[in-house]
Asks: 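I am attaching a structure below and will ask some questions about it afterwards.
In what follows, every heavy atom counts, from backbone to side chain, and hydrogens, waters and symmetry copies are set aside. Owing to the predicted nature of the structure, the values given are computational and were not obtained by experimental measurement. In what follows, chains carry the letters A, B, and so on, assigned in the order in which the sequence lines appear, proteins first and then strands, with residues in each chain numbered from 1.
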Protein chains: 2
Amino acid sequence: MLTRKTKYGLKALSFLAKQEPGIPVQISKIAEAENISLKFLESILLMLKKNELLISKKGKGGGYILAKSPNDISLASVYRVLEGPIALVPCVSLNFYQKCDDCKDEETCSIHDFMIEVRDSNLKIFENKSVADLV
Amino acid sequence: MLTRKTKYGLKALSFLAKQEPGIPVQISKIAEAENISLKFLESILLMLKKNELLISKKGKGGGYILAKSPNDISLASVYRVLEGPIALVPCVSLNFYQKCDDCKDEETCSIHDFMIEVRDSNLKIFENKSVADLV
DNA sequence: TGTTTATCCTAGTAGATAAATAGGGTAATA
DNA sequence: TATTACCCTATTTATCTACTAGGATAAACA
């Protein structure tokens, strides 16, 4: 299951992709349109900005703009920023690798190969889809 | 990410599939072999039993046996018992459907179609794999 | 029949995470 | 210089995770 954070983030990016490009959209406008708590959304957009998926402008007429073309924002990158690893176990994660502390070694782990299959299947779908596909 | 519960459950089922069929295996033996907390594993196997994936025998010489051939225990069924829905959002779950409480309606939700794609991709891999594939 | 063996069942708990909420700080624009 | 709108930190409430504790129950065997 997705956390709300990721779900809201995807919806917000989709909303931004539907607006006229280059014109800042206020958080409050997105929050209202997508039925998201304003303050919560604020923190989500901030994370997306820090990870260079969004650009912001302060002051009057300010707001958020997509940092790149919707086509160039993969859903994998969004997922990794908001949800974390795409893999189901840390020991097969490409971007967040960690040894599983219950496993003696990865070669003898009975679920390791299956976990790689699931990861690759999900990578394929998340890497090949972009924010443009949500519009 | 998988919870430990699901990971341990998969490992235990894989371990059982490797043993001589029809002969009960004690929890303690599985726990030791797979490096799992005994009491925690106890509760996991109990859930698998209640969902008819395992059979148990009490008393001396007792233990757990696979309820069906390893080929007939899909990893989807294991996942659903221990982890819950395979879908990423409740509104596209086949077995655990629930309306998303932040969405006005599913038709206008910008991520709905993508969520269905992810679900189908995961269903395909989890339904077509069985405990036999973990051996 | 009584003891051992092993599962069954209920309850509790420390720590982490989720999903916000509160409240003020900072920068840009008019 | 006042307003607008993002920036940042801290706190809260509820739920979940991963165990742990301790006994009840049932089967086998001497």
Asks: Which residues, if any, of residues 20-41 of chain A bring a heavy atom under 4.0 Å of DNA chain C?
Replies: S37(A), K39(A), F40(A)
Asks: Scan K7(B) against the nucleic acid and name what it touches under 4.0 Å (heavy atoms): base, sugar-phosphate only, or nothing.
Replies: nothing
Asks: On DNA chain C, nearest-nucleotide positions of S43(A) versus S56(B): which is more 5'?
Replies: S56(B)
Asks: K49(B) side chain N/O closer than 4.0 Å to the phosphate oxygens (OP1, OP2) of dC8(C)?
Replies: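 It does, given that an N or O in the side chain of K49(B) lies less than 4.0 Å from OP1 or OP2 of dC8(C).
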Asks: Give the rounded distance in Å between these two atoms: NZ of K50(B) and P of dC8(C).
Replies: 9 Å
Asks: Rounding to a whole Å, what distance do you find between I44(A):CD1 and dA20(C):P?
Replies: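 Rounding to the nearest Å, CD1 of I44(A) and P of dA20(C) are 8 Å apart.
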Asks: Starting at CE of M47(A) and ending at P of dA19(C), how long is that distance when rounded to a whole Å?
Replies: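 Whole-Å distance recorded here is 13 Å.
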Asks: Assign a letter to each nucleotide of nucleotides 25-30 of chain D from its 5' end: B, base within under 4.0 Å of a protein heavy atom; S, sugar-phosphate only; -, no contact.
Replies: BSBSS-
Asks: Separation of L48(B) atom CG from dC9(C) atom P, in whole Å?
Replies: 14 Å
Asks: I'd like to know if R80(A) pairs up with E127(A) as an ion pair, taking the criterion as any Lys NZ or Arg NE/NH1/NH2 lying under 4.0 Å from an Asp or Glu carboxylate oxygen.
Replies: yes
Asks: With ring pair (Phe, Tyr, Trp, His ring centres under 6.0 Å) as the criterion, how do F126(B) and F114(A) come out once you've worked through the C-alpha distance, each side chain's angles and the decisive distance to 0.1 Å?
Replies: CA-CA 10 Å; F126(B) 276 95; F114(A) 175 61; 5.3 Å; yes
Asks: Quick one: is dC19(D) close enough that its OP1 or OP2 comes under 4.0 Å of any side-chain N or O from Y8(B)?
Replies: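 So the side-chain polar atoms of Y8(B) do come within 4.0 Å of the phosphate oxygens OP1 or OP2 of dC19(D), strictly under.
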Asks: In whole angstrom, what separates R4(B)'s CZ from dG15(C)'s C1'?
Replies: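 Nearest whole value for this atom pair: 14 Å.
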